Structure formats: structure tokens, C-alpha cells
Amino acid sequence: MYQTELFELLAGAGDAAFVVDQSGLIRFWNTTAEQLLGFSAADARQSACCALLAGRDSSGARVCIPGCSVIESSRHNSSISCFDLHVSTASGARKWVNMSVIVARTHDEQLRIHLMRDIDVRHRLESMTTEIVRQIAGVMGLEAEQILHRAQARPPAAS
């Protein structure tokens with residue numbers, strides 16, 4: 001497959017999509033990615049992926065770095081599981097996305113196709129739920145895991 005064919009295919013993707021080359025530079029950025037993160041294709045293209053996204057994991061540790069695990073895994077032909085990432089937006093805010101990566105080989109190079117889905121609301125709800133459970137557990141003198149285990153062990157109520 002040629003790059004132009006690949007980029008045309010991704011232009012119509014429902015998910016936000018971008019393509020990163022072997023050196024970590026963004027080579028393609030679709031309109032859905034523009035809508036999701038606010039960076040125009042012109043601003044994103046030729047930017048270092050790690051600098052633009054500045055992705056962090058749930059503990060706040062920087063994940064998007066030069067030579068990140070995505071680049072290293074794809075160089076060694078290892079599979080890359082989808083993952084959640086807290087990324088920067090053009091406004092300076094941060095947003096949670098779920099990222100899938102597909103490694104594509106064109107005639108002359110290896111490219112990494114990144115597909116992003118907005119999970120910001122879901123992630124915030126999960127964080128709030130976890131905090132509520134911790135607060136309740138503290139009042140009850142229990143560990144949060146005990147409350148969660150009890151809730152998971154109960155059969156659903158009959159309707």
C-alpha cells in the first residue's frame with residue numbers, strides 16, 4: 001500500500017486517526033482528530049507525536065516520550081494492546097482517550113496508525129466512583145476493595 005492510499009483511507013475514518021513515522025513525526029492527522037483535540041492538521045503534521053500529545057498514564061507519569069513503547073514495540077514486531085492516555089489539547093486542557101495502534105508497512109517505510117476514541121467522561125465517572133467508594137469505606141472502617149467485592153458478589157435485583 002502507498003502512503004497516499006493509506007491517508008485517503010484514514011481521512012474518512014470515524015475515529016480520530018493520525019499516522020506517525022519511524023522517527024516519531026506525525027505525517028497525517030484526520031479531521032476527526034482535529035475535532036477531538038483541537039489541533040489543525042497543519043499544526044499537527046511534522047510535529048513530534050510525543051511533544052504534541054504529551055500523554056500521561058493514570059498515575060500522571062509521562063508516557064509519550066521519544067522512543068516510547070509504541071515505537072519500540074513496533075520496531076520489534078510486537079503487538080500493541082490498546083491503552084488509555086491523558087493527552088493535551090490545543091486549548092491546553094487535558095483529555096482522556098483510548099488509543100489503538102496498527103503498524104503498517106508501506107513500500108518504503110513502517111508507519112504507526114493511531115486511532116483515538118474520547119473516553120474523558122467515562123474516565124471521570126470511574127474516578128469519581130472510586131473516590132466515593134473510598135469515602136464510604138473510610139466511614140465504615142473497611143477497605144474500598146471489600147465494598148467493591150461485596151457489590152460484585154451480589155446477584156442483580158429481580159425486576
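Small disclaimer: the values here were computed from a predicted structure and weren't measured.
- Taking CZ from Arg105 and CG from Leu111, the interatomic distance works out to 10.0 Å, rounded to the nearest 0.5 Å.
- Hydrophobic clustering (side-chain heavy atoms under 4.5 Å, transitive across Ile, Leu, Val, Met, Phe, Trp, Tyr) groups Ile26 together with Leu85.
- Distance alone, capped at 3.5 Å, is enough to place a donor-acceptor pair between the Asn30 side chain and the Leu10 backbone.
- Using a 30° and 60° split on the angle between ring planes, Phe18 and Trp29 fall in the tilted class, from 30° to 60°.
- Note: the hydrophobic cluster containing Met99 also contains Phe39 (ILVMFWY, side chain heavy atoms under 4.5 Å, direct or indirect links).
- Remark: Asp21 engages Arg27 in a salt bridge, criterion side-chain N to carboxylate O under 4.0 Å.
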Q. For Val101 and Phe83, what are the C-alpha separation, side-chain angles and deciding distance, and is it a side chain to side chain contact (heavy atoms under 4.5 Å, CB included)?
A. CA-CA 9 Å; Val101 180; Phe83 53 94; 4.1 Å; yes
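- Considering all non-hydrogen atoms of both residues, Arg94 and His86 come closest at NH2-O, 2.6 Å.
- When all heavy atoms of Cys64 and Leu53 are compared, the pair lying nearest together is SG-CB, 4.3 Å.
- Val70 and Val103 end up in the same hydrophobic cluster when Ile, Leu, Val, Met, Phe, Trp and Tyr side chains are linked at under 4.5 Å.
- Here the shortest heavy-atom pairing between Trp96 and Asp120 reads N-OD1, 2.9 Å.
- Residues Glu34 and Ala41 come closest through the heavy atom pair OE2-N, 2.8 Å.
- Residues Ile80 and Val97 fall within the same hydrophobic cluster, defined by Ile, Leu, Val, Met, Phe, Trp and Tyr side chains chained together at heavy-atom separations under 4.5 Å.
- Under the 4.5 Å side-chain heavy-atom criterion for Ile, Leu, Val, Met, Phe, Trp and Tyr, Val20 and Ile113 are members of distinct hydrophobic clusters.
- Rounding to the nearest 0.5 angstrom, the gap separating the OG1 atom in Thr89 from the CG atom in Leu37 is 7.0 Å.
- Taking 4.5 Å as the limit, some side-chain heavy atom of Lys95 sits within range of a side-chain heavy atom of Leu36.
- Thr32 is linked by a side-chain hydrogen bond (donor to acceptor under 3.5 Å, both in side chains) to nothing, counting only residues two or more places apart in sequence or in another chain.
- Taking every heavy atom of both residues into account, Leu115 and Ala17 meet most closely at CD2-CB, 3.7 Å.
- Distance check, rounded to the nearest 0.5 Å: NE2 of His114 to SG of Cys49 gives 4.5 Å.
- Annotation for Met116 and Asp15: closest pair O-CB, 3.8 Å, computed over non-hydrogen atoms.
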